[in-house]
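Everything on this sheet refers to the single structure shown next.
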Amino acid sequence: NAGVTQTPKFRILKIGQSMTLQCTQDMNHNYMYWYRQDPGMGLKLIYYSVGAGITDKGEVPNGYNVSRSTTEDFPLRLELAAPSQTSVYFCASSYSRGPLGQYGYTFGSGTRLTVV
Amino acid sequence: RKEVEQDPGPFNVPEGATVAFNCTYSNSASQSFFWYRQDCRKEPKLLMSVYSSGNEDGRFTAQLNRASQYISLLIRDSKLSDSATYLCVVNKAAGNKLTFGGGTRVLVKP
């Protein structure tokens with residue numbers, strides 16, 4: 001059982017380049033999320049999805065796009081990379097809300113992105 | 001005011017000692033509370049959920065105080081391996097998103 005798998009683990013991009021960060025989960029979780037974490041800072045939500053075909057913006061969506069065509073996959077697209085997007089990106093997933101409220105997240109191991 | 005606030009620390013703790021720290025949250029309608037642990041350059045990992053009655057998992061005890069809107073984490077008999085950043089996590093009243101605090105760094109020293 002792999003959990004949440006992110007690829008690549010590391011990437012260096014030049015300003016203006018594009019890339020897709022991949023995220024796959026095999027736990028049949030409905031909810032999936034993308035966060036970024038800058039050095040010494042907390043996690044900021046970029047986008048999230050509550051099911052296939054449904055996505056919504058988080059706190060810091062500018063410069064990013066997502067899609068959710070299947071329950072398992074939730075790729076994050078950077079169209080025109082900027083130095084401000086240098087960060088560690090974490091994908092997470094969880095079950096839907098239960099009777100006690102929100103379930104905790106399972107995180108992938110992260111993608112370290114540097115834009116130069 | 002931030003939605004979830006934590007003392008960033010670091011809390012320097014002698015091995016074997018007890019350390020406790022709090023986290024305050026601003027939304028009185030929040031229902032779900034968690035403590036996550038994050039090691040340097042690693043992903044956050046769920047340490048424990050926090051329930052109204054408080055809960056204990058080995059050397060770790062979590063408490064929720066709804067009246068004062070804070071949760072706490074206590075670590076007994078600290079081990080060197082407990083050195084990490086501890087993230088306080090709270091759900092928004094509506095929707096399906098969790099809000100993460102900035103983390104409290106704990107350093108356990110011999």
Side-chain angles (χ1 to χ4, degrees), chain A residues 2-6 9-10 23 25 27 29-51 54-61 68 74 87-113, chain B residues 2-10 23-55 57 62 64 66 71 73 84-105:
Chain A
V4 179
T5 302
Q6 289 185 239
K9 293 192 183 301
F10 304 93
C23 176
Q25 55 92 9
M27 297 173 285
H29 286 168
N30 286 334
Y31 296 177
M32 295 188 75
Y33 309 84
W34 275 105
Y35 284 87
R36 61 177 286 175
Q37 186 175 34
D38 298 328
M41 304 294 285
L43 286 89
K44 294 184 179 178
L45 182 64
I46 305 171
Y47 270 96
Y48 69 102
S49 168
V50 299
I54 306 169
T55 62
D56 208 346
K57 296 178 179 179
E59 302 171 68
V60 289
R68 184 96 182 269
F74 191 40
S87 191
V88 180
Y89 292 84
F90 290 107
C91 179
S93 69
S94 76
Y95 288 113
S96 308
R97 288 176 69 89
L100 298 179
Q102 183 76 38
Y103 287 99
Y105 296 174
T106 300
F107 282 86
S109 58
T111 295
R112 298 187 178 279
L113 176 67
Chain B
K2 289 183 180 178
E3 291 186 67
V4 181
E5 292 199 75
Q6 294 185 249
D7 182 339
C23 155
T24 59
Y25 60 95
S26 61
N27 192 329
S28 60
S30 294
Q31 292 180 294
S32 303
F33 309 89
F34 307 90
W35 283 105
Y36 275 73
R37 171 195 170 121
Q38 187 173 27
D39 294 301
C40 188
R41 301 176 70 84
K42 298 286 189 180
E43 73 273 24
K45 292 185 177 178
L46 180 63
L47 180 66
M48 58 199 306
S49 303
V50 186
Y51 304 118
S52 296
S53 56
N55 47 303
D57 184 1
L64 167 63
R66 287 191 183 273
I71 64 174
L73 182 67
T85 297
Y86 291 86
L87 306 175
C88 171
V89 186
V90 177
N91 82 314
K92 291 182 179 291
N96 311 292
K97 301 186 292 292
L98 299 179
T99 301
F100 287 75
T104 295
R105 191 170 173 212

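Numbers restart at 1 for each chain; the letters A, B, ... are given by sequence-line order, proteins then strands.
- Classified by interplanar angle (parallel below 30°, tilted 30° to 60°, perpendicular above 60°), the ring pair A/Y105/B/F100 is tilted.
- Heavy atoms of B/R105 lying under 4.5 Å from chain A are absent altogether.
- Only the side chain of A/F90 has a heavy atom closer than 4.5 Å to any heavy atom of chain B.
- If you measure heavy-atom distances from B/Y36 to chain A, the contacts under 4.5 Å come from the side chain alone.
- In the model, A/Q6 has no side-chain atom that pairs as donor or acceptor with a side-chain atom of B/E43 under 3.5 Å.
- In this structure, CG on B/L46 lies 7.5 Å from OG1 on A/T106, to the nearest 0.5 angstrom.
- Residue B/L98 holds its CG atom at 5.5 Å from OH of A/Y35, rounded to the nearest 0.5 Å.
- No other option in B/R41, B/K42, B/K45 has as many heavy-atom pairs under 4.5 Å with chain A as B/R41.
- At a 4.5 Å heavy-atom cutoff, the contact between B/Q38 and chain A is made by side-chain atoms alone.
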